[in-house]
Colleague: 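Following this message is one structure expressed as structure tokens.
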There are 2 protein chains.
Amino acid sequence: MTVRLGDALPSGSFESDHHSLQAGLRAWIENKTGHPAGYLEQLYTFADRDREPSSDPNTRRISISYLGLVREQSALGSDRPQWLGWYEYFPWEDHRDRRPPVLDAIIEGLDEWASSDSEQHASRRHRIDHAFGRVGPGWNEDLALQRYELMYEACLVAECGRLRGPGFGRAMAGDHRRILATGIARLRAKIKYHPVVFELMPNSFTLLGLQQTVEALAGLRLHKPNFRRQVDQQELIEETGEITSETRGRPAKLFRYRRSILEARALAGSRLPIARD
Amino acid sequence: MTVRLGDALPSGSFESDHHSLQAGLRAWIENKTGHPAGYLEQLYTFADRDREPSSDPNTRRISISYLGLVREQSALGSDRPQWLGWYEYFPWEDHRDRRPPVLDAIIEGLDEWASSDSEQHASRRHRIDHAFGRVGPGWNEDLALQRYELMYEACLVAECGRLRGPGFGRAMAGDHRRILATGIARLRAKIKYHPVVFELMPNSFTLLGLQQTVEALAGLRLHKPNFRRQVDQQELIEETGEITSETRGRPAKLFRYRRSILEARALAGSRLPIARD
DNA sequence: CTTCATATACTCGAATCGAGTATAAAGGAG
DNA sequence: CTCCTTTATACTCGATTCGAGTATATGAAG
């Protein structure tokens with residue numbers, strides 16, 4: 001989900017009264033979008049010279065990007081930006097229903113690009129196979145940025161100067177789509193070891209709702225019993241005692257996030273075989 | 001390990017002919033330090049206003065920091081910067097031999113600071129308990145930055161204007177020690193799911209050498225049999241066939257890193273309970 | 001009352017993990 | 001030479017986690 005301002009990410013120059021960029025940004029977001037920012041982390045600083053193909057090659061525009069998560073709010077009138085799912089811009093990243101059919105055309109285009117340079121053929125081929133899961137354990141949702149970068153290099157997206165073919169997905173202003181891809185990749189990696197999903201949930205929610213949110217982020221369908229077990233043994237949520245009956249099926253218990261637990265537990269164990277003595 | 005230039009991190013302004021910052025930086029490092037950079041990733045962009053207490057509060061200095069890993073080289077003459085272990089600057093982060101005795105004094109100072117503000121007492125106390133492992137599962141090496149930030153807020157490090165007490169660890173220029181803490185924390189987290197350690201190893205190495213490198217990064221002692229098992233089943237290394245006999249003990253087999261494996265395997269599984277069908 | 005859809009609970013074997021033990025091979029002390 | 005120290009390497013065992021699947025509960029719709 002991203003704020004839409006004519007297919008651009010919300011941005012501005014950083015003049016602010018605040019000492020820290022983060023604090024200034026928080027105020028700016030709330031003012032500009034009407035949504036208070038819950039979670040906020042620095043994403044990446046883009047400073048390459050050819051970010052804007054049209055401008056003077058001797059200037060360098062520096063963008064410090066942030067990843068923010070906010071709860072979706074009810075409609076706020078048409079003067080406010082609307083929410084738009086990010087799969088508009090990255091249709092090949094959504095594997096929830098099925099492997100997106102558009103992937104075939106993308107991979108065909110990439111293969112063509114790989115073959116077009118006999119010297120780099122093998123290395124390009126390796127990158128494609130890896131990023132799109134043709135080797136190894138299959139599709140890896142974390143590689144969203146690598147996939148976009150390959151498509152950019154191969155000129156399969158409209159941002160590329162000399163686009164060939166249709167241009168996959170909806171384009172964005174400047175290099176905003178690259179920034180968004182960076183954010184998606186970061187967020188997809190992050191949800192695995194830090195409970196940021198809850199910043200997107202309302203105060204009380206069902207387990208299915210939580211699962212569907214994670215699925216939307218990861219672009220994958222998850223295994224319901226195992227998802228519940230995982231959530232359960234992390235002890236991150238507790239029942240509110242209430243029950244919801246949204247249309248169809250057995251009513252579900254409502255849960256709330258236990259903010260306090262964060263301080264008491266190590267999230268996603270250490271993975272290092274520590275010696276104890 | 002960090003390059004020493006009078007207790008500062010190597011830095012410079014980013015005028016370069018290169019289109020990408022990363023490429024320019026790579027060239028700059030090699031030129032300046034004589035060490036070719038192996039692994040390089042953007043770390044964090046520091047842009048707060050009060051980074052340099054002495055300067056004009058209406059200017060903002062922006063530093064884009066990078067984390068780089070290089071193999072240690074033989075001495076190159078005294079005109080080149082020397083390597084210095086980072087535990088000079090963060091003695092409380094080295095738990096390889098034992099819990100560092102200096103931690104007692106640090107925690108005492110922090111407790112005093114927490115108590116000095118009755119309104120924030122509880123929240124400060126929580127942060128201290130969490131960062132220094134007094135609650136939950138104990139010491140967590142990944143929290144190096146949080147620990148430094150607490151010490152900075154409590155004015156227990158010399159960078160703070162109104163230092164009280166001795167000032168723990170060796171100070172660095174400007175906010176370089178905060179940057180270094182950021183890098184340590186990032187690297188400690190990274191080695192758990194990405195095989196960057198090998199960027200620090202020579203072409204062939206023993207398992208103990210590898211373990212000691214990881215231990216130096218994590219500041220922890222590891223369990224030898226389990227460390228070997230983990231390395232082994234990741235299939236990241238292979239025997240060279242040779243044997244080393246560095247002084248003392250049974251000679252060890254030499255191993256080399258299998259660069260190729262990276263493309264074929266998913267590193268540190270997905271942690272999401274994916275549905276397959 | 002049956003069917004459908006969803007919620008929730010439980011099972012089972014495989015893989016992984018923490019912790020520890022056992023054996024092998026070098027050098028040095030006596 | 002023998003024993004001891006030191007490091008290398010191999011193996012064990014129980015507990016926990018994980019992938020995958022099954023079974024039962026409870027509402028709404030027809």
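In what follows, chains carry the letters A, B, and so on, assigned in the order in which the sequence lines appear, proteins first and then strands, with residues in each chain numbered from 1.
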Colleague: Mapping B/Ser245 and A/Thr206 to their closest nucleotides on DNA chain C, which lands nearer the 5' end?
Modeller: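 This one resolves to A/Thr206.
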Colleague: For the residue pair B/Tyr193 and A/Tyr193, categorise the inter-ring angle as parallel (less than 30°), tilted (30 to 60°) or perpendicular (more than 60°).
Modeller: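 B/Tyr193 and A/Tyr193: parallel rings.
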Colleague: Closer than 4.0 angstrom, basic N to acidic O: yes or no for A/Glu238 and A/Arg256?
Modeller: yes
Colleague: Less than 4.0 angstrom between a side-chain N/O of B/Lys224 and OP1 or OP2 of D/dA8, yes or no?
Modeller: yes
Colleague: What about A/Arg250, does its side chain sit under 3.5 Å from the base of D/dA25 through a donor-acceptor pair?
Modeller: yes
Colleague: Suppose we screen for salt bridge (Lys or Arg N to Asp or Glu O under 4.0 Å). Which residues come up paired with B/Arg221, at least two apart in sequence or across chains?
Modeller: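 So B/Arg221 forms a salt bridge (Lys or Arg N to Asp or Glu O under 4.0 Å) with B/Asp97, B/Glu215.
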Colleague: Quick one: B/Gln211 CD to D/dT7 C1', roughly how many Å, whole number?
Modeller: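 My rounded result for the distance is 12 Å.
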Colleague: Look at the aromatic rings of B/Phe198 and B/Tyr257 and report parallel, tilted or perpendicular, splitting at 30° and 60°.
Modeller: parallel
Colleague: Over how many whole Å does the gap from A/Phe227 atom CZ to D/dC18 atom P extend?
Modeller: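 So the two atoms are 14 Å apart, to the nearest Å.
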Colleague: Shoot me the first and last contacting nucleotide of DNA chain C against chain B, ordered 5' to 3', at under 4.0 angstrom to non-hydrogen atoms.
Modeller: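 So the outermost contacting nucleotides come out as C/dC17 to C/dA26.
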Colleague: Assuming nearest nucleotide by heavy-atom distance, tell me which of B/Ala275 and B/Phe255 is located more 5' along DNA chain D.
Modeller: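 Nearest nucleotide further toward 5': that of B/Phe255.
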Colleague: Does NZ or CZ of B/Arg147 fall inside the cone over B/Trp139's six-membered ring, less than 6.0 Å from its centre and within 45° of the axis?
Modeller: yes
Colleague: On DNA chain D, check which nucleotide each of A/His223 and A/Arg248 is closest to and give me the residue with the more 5' one.
Modeller: A/His223
Colleague: With B/Arg178 as the cation and B/Tyr152 as the aromatic partner, state whether NZ or CZ is under 6.0 Å from the six-membered ring centre and within 45° of the axis.
Modeller: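 Yes, a cation-pi geometry.
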